[in-house]
Amino acid sequence: QVQLVESGGGLVQAGDSLRLSCEASGRTFGSYTMGWFRQAPGKEREFVAAASAIGGNTYYTDYADSVKDRFTVSRDNAGNTLYLQMNGLKPDDTAVYYCAATPGMATFRAIAYDYWGRGTQVTVSS
(Lines give C-alpha, C1' and ligand atoms only; values in the text may rest on other atoms or scores of the structure.)
Protein backbone atom coordinates (compact mmCIF):
# COMPACT_ATOMS: atom_id res chain seq x y z
CA GLN A 1 0.00 0.00 0.00
CA VAL A 2 1.29 3.46 -0.91
CA GLN A 3 -0.17 6.73 0.29
CA LEU A 4 0.62 9.90 -1.62
CA VAL A 5 0.28 13.53 -0.54
CA GLU A 6 0.90 16.39 -2.96
CA SER A 7 1.87 19.94 -2.04
CA GLY A 8 3.27 23.08 -3.61
CA GLY A 9 0.39 24.25 -5.75
CA GLY A 10 -0.79 27.83 -5.84
CA LEU A 11 -1.76 30.88 -7.87
CA VAL A 12 0.98 32.30 -10.09
CA GLN A 13 1.32 34.50 -13.15
CA ALA A 14 2.23 33.33 -16.62
CA GLY A 15 5.96 32.80 -16.89
CA ASP A 16 6.41 32.01 -13.21
CA SER A 17 7.70 28.78 -11.72
CA LEU A 18 6.39 26.33 -9.12
CA ARG A 19 7.74 23.13 -7.63
CA LEU A 20 5.28 20.44 -6.66
CA SER A 21 6.16 17.73 -4.16
CA CYS A 22 4.62 14.35 -3.55
CA GLU A 23 5.48 12.60 -0.30
CA ALA A 24 4.94 8.85 -0.30
CA SER A 25 4.50 6.44 2.56
CA GLY A 26 5.83 2.91 2.47
CA ARG A 27 9.27 1.35 2.30
CA THR A 28 9.06 0.35 -1.37
CA PHE A 29 8.86 3.84 -2.89
CA GLY A 30 12.08 3.25 -4.79
CA SER A 31 10.62 0.31 -6.70
CA TYR A 32 7.57 2.18 -8.02
CA THR A 33 7.20 4.15 -11.19
CA MET A 34 5.92 7.57 -10.16
CA GLY A 35 3.84 9.83 -12.35
CA TRP A 36 2.32 13.28 -12.44
CA PHE A 37 -1.08 13.82 -14.05
CA ARG A 38 -3.34 16.85 -14.24
CA GLN A 39 -6.99 17.53 -14.76
CA ALA A 40 -8.48 20.84 -15.82
CA PRO A 41 -12.19 21.62 -15.34
CA GLY A 42 -14.29 19.85 -17.93
CA LYS A 43 -11.34 17.87 -19.28
CA GLU A 44 -10.05 14.36 -18.85
CA ARG A 45 -7.08 13.59 -16.63
CA GLU A 46 -3.91 13.78 -18.69
CA PHE A 47 -0.37 12.55 -18.31
CA VAL A 48 2.29 15.12 -17.46
CA ALA A 49 5.49 13.27 -16.54
CA ALA A 50 6.82 10.04 -15.08
CA ALA A 51 9.97 8.82 -13.38
CA SER A 52 10.67 5.07 -13.57
CA ALA A 53 12.80 3.34 -10.98
CA ILE A 54 15.91 1.60 -12.22
CA GLY A 55 17.97 1.17 -9.09
CA GLY A 56 19.50 3.34 -6.43
CA ASN A 57 18.65 6.91 -7.35
CA THR A 58 18.78 6.31 -11.11
CA TYR A 59 15.59 6.64 -13.10
CA TYR A 60 14.19 7.23 -16.56
CA THR A 61 11.92 10.20 -17.19
CA ASP A 62 9.16 10.77 -19.71
CA TYR A 63 7.12 13.87 -20.50
CA ALA A 64 4.01 14.93 -22.31
CA ASP A 65 4.86 17.01 -25.37
CA SER A 66 2.98 19.97 -23.91
CA VAL A 67 5.39 20.26 -20.96
CA LYS A 68 8.65 19.00 -22.41
CA ASP A 69 11.49 21.52 -21.97
CA ARG A 70 9.47 23.41 -19.31
CA PHE A 71 8.81 20.80 -16.61
CA THR A 72 11.30 18.51 -14.87
CA VAL A 73 10.36 15.45 -12.85
CA SER A 74 12.74 14.11 -10.23
CA ARG A 75 12.65 11.74 -7.32
CA ASP A 76 14.45 11.34 -4.04
CA ASN A 77 14.13 7.68 -3.14
CA ALA A 78 15.81 8.12 0.22
CA GLY A 79 13.29 10.80 1.12
CA ASN A 80 10.31 9.04 -0.48
CA THR A 81 9.52 12.18 -2.44
CA LEU A 82 8.66 12.94 -6.04
CA TYR A 83 9.03 16.44 -7.46
CA LEU A 84 7.79 18.37 -10.45
CA GLN A 85 9.65 21.58 -11.26
CA MET A 86 7.46 23.70 -13.49
CA ASN A 87 9.00 26.64 -15.32
CA GLY A 88 7.50 29.00 -17.86
CA LEU A 89 3.99 28.32 -16.65
CA LYS A 90 1.12 29.10 -19.01
CA PRO A 91 -2.60 29.61 -18.36
CA ASP A 92 -3.17 26.25 -20.12
CA ASP A 93 -1.24 24.60 -17.28
CA THR A 94 -4.04 25.47 -14.87
CA ALA A 95 -5.33 22.21 -13.38
CA VAL A 96 -5.36 19.99 -10.34
CA TYR A 97 -2.09 18.08 -10.34
CA TYR A 98 -2.05 14.51 -9.08
CA CYS A 99 0.78 12.23 -8.05
CA ALA A 100 0.41 8.53 -8.87
CA ALA A 101 2.33 5.31 -8.37
CA THR A 102 2.51 1.97 -10.13
CA PRO A 103 4.73 -1.07 -9.66
CA GLY A 104 4.85 -1.40 -13.45
CA MET A 105 6.70 0.41 -16.18
CA ALA A 106 6.23 4.09 -16.91
CA THR A 107 3.15 4.80 -18.97
CA PHE A 108 0.98 7.74 -19.91
CA ARG A 109 -2.13 5.68 -19.21
CA ALA A 110 -3.74 6.78 -15.96
CA ILE A 111 -5.55 3.46 -15.59
CA ALA A 112 -2.19 1.71 -15.11
CA TYR A 113 -1.47 3.57 -11.87
CA ASP A 114 -2.69 1.91 -8.69
CA TYR A 115 -2.23 4.68 -6.13
CA TRP A 116 -3.23 8.33 -6.29
CA GLY A 117 -2.92 11.43 -4.16
CA ARG A 118 -5.74 13.91 -3.66
CA GLY A 119 -4.15 16.56 -5.86
CA THR A 120 -2.92 20.11 -5.55
CA GLN A 121 -4.38 23.06 -7.44
CA VAL A 122 -2.20 25.05 -9.81
CA THR A 123 -3.69 28.22 -11.26
CA VAL A 124 -1.81 30.33 -13.79
CA SER A 125 -3.17 33.78 -14.56
CA SER A 126 -2.45 35.59 -17.83
Side-chain angles (χ1 to χ4, degrees):
Q1 191 78 5
V2 178
Q3 292 184 328
L4 306 171
V5 179
E6 303 94 337
S7 63
L11 171 63
V12 297
Q13 294 186 331
D16 285 352
S17 299
L18 276 177
R19 189 174 82 155
L20 305 184
S21 299
C22 171
E23 292 188 29
S25 66
R27 293 175 291 177
T28 59
F29 173 81
S31 65
Y32 281 80
T33 289
M34 301 298 298
W36 286 103
F37 289 78
R38 66 187 182 186
Q39 188 166 18
K43 295 186 177 181
E44 294 187 354
R45 192 168 297 190
E46 66 173 358
F47 171 76
V48 175
S52 304
I54 298 176
N57 224 29
T58 303
Y59 49 92
Y60 288 124
T61 58
D62 194 16
Y63 298 91
D65 288 342
S66 60
V67 307
K68 202 171 292 183
D69 298 327
R70 298 189 298 124
F71 290 10
T72 302
V73 61
S74 61
R75 61 189 296 165
D76 175 5
N77 288 340
N80 280 14
T81 305
L82 178 74
Y83 300 99
L84 184 68
Q85 178 66 43
M86 306 186 294
N87 298 329
L89 282 162
K90 304 175 182 179
D92 284 349
D93 296 317
T94 295
V96 177
Y97 283 71
Y98 297 91
C99 173
T102 175
M105 297 295 292
T107 174
F108 62 89
R109 297 171 63 240
I111 195 171
Y113 289 79
D114 300 310
Y115 304 101
W116 291 84
R118 294 188 175 184
T120 185
Q121 176 71 46
V122 172
T123 304
V124 185
S125 63
S126 57

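Source: prediction; values computed, not measured.
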Considering all heavy atoms of both residues, which atom of A95 and which atom of A40 are nearest to each other, and what is their separation? CB-N, 3.8 Å
Closer than 3.5 angstrom, by distance alone: can the side chain of T102 be matched with the main-chain N or O of A112 as a donor-acceptor pair? yes
Test your reading of the model: is there a side-chain donor-acceptor pair from Q85 to the backbone of T72, 3.5 Å cut-off? no
Drop me the distance from Y60's OH to T33's OG1, to the nearest 0.5 angstrom. 11.5 Å
P91 to S126 - nearest heavy-atom pair and separation: CG-CB, 3.8 Å
Applying side-chain hydrogen bond (donor to acceptor under 3.5 Å, both in side chains) to E46 and not counting sequence neighbours gives R38
Hey, does the side chain of E6 reach the backbone of R118 with a donor-acceptor pair shorter than 3.5 angstrom? yes
Working to the nearest 0.5 Å, report the span between CD of E44 and CD of Q39. 8.5 Å
To the closest 0.5 Å, what do you measure between CG (L18) and OH (Y97)? 9.0 Å
Taking every heavy atom of A110 against every heavy atom of W116, the minimum-distance pair comes out as O-CZ2, 3.4 Å
If we only count heavy atoms from C-beta on, is the M34 to L4 side-chain gap below 4.5 Å? yes
Any Lys/Arg nitrogen of K90 or D93 sitting under 4.0 Å from an Asp/Glu carboxylate oxygen of the other? no
Could you please spell out the steps behind the side-chain hydrogen bond (donor to acceptor under 3.5 Å, both in side chains) verdict for E23 and S21? CA-CA 6 Å; E23 292 188 29; S21 299; over 6 Å; no
Treating Y63 as the side-chain partner and V73 as the backbone partner, does any N or O pair qualify as donor plus acceptor under 3.5 Å? yes
Within the distance-only criterion (no hydrogens, no angle test), does the side chain of T123 pair as donor or acceptor with the backbone N or O of T94 below 3.5 angstrom? no
For Y59 against A51, the heavy-atom pair lying closest together: CD1-CB, 3.9 Å
Would you kindly confirm whether L20 and L89 end up in one hydrophobic cluster when ILVMFWY residues are joined by side chain heavy atoms under 4.5 Å apart? yes
So OH of Y32 and CG of L82: to nearest 0.5 Å the spacing works out to 14.5 Å
Name all residues meeting the ring-ring contact (aromatic ring centres under 6.0 Å, His included) criterion together with F71; count only those two or more places apart in sequence or in a different chain, and write none if there are none. none
Any chain of hydrophobic side-chain contacts (each under 4.5 Å) joining F47 to Y115? no
Assess whether side-chain contact (heavy atoms from CB on, under 4.5 Å) is satisfied between T120 and S7, documenting all intermediate values. CA-CA 6 Å; T120 185; S7 63; 5.7 Å; no
Is a donor on one side and an acceptor on the other found under 3.5 Å between the side chain of W36 and the backbone of Y83? yes
Would you kindly check if the NZ (Lys) or CZ (Arg) of R75 is within the cone defined by 45 degrees around the ring axis of F29 and under 6.0 Å from the six-membered ring centre? yes
Is the CD atom of Q3 crowded by more than 12 outside heavy atoms at less than 6.0 Å? no
Using every non-hydrogen atom in the two residues, find where G117 and Y98 come nearest and quote the distance to one decimal. O-CD2, 3.5 Å
Counting only N and O atoms by type, is there a donor-acceptor contact under 3.5 Å from the side chain of S52 to the main-chain atoms of M105? no
If you count every heavy atom of other residues, nucleotides or ligands that lies below 6.0 Å from F108 atom CZ, does the total exceed 12? no
Between F37 and L84, is there a shared hydrophobic cluster once you connect ILVMFWY residues whose side-chain heavy atoms come closer than 4.5 Å? no
Residue pairs passing the disulfide bond (SG atoms under 2.5 Å apart) test where at least one lies in residues 58-94, sequence neighbours excluded: none
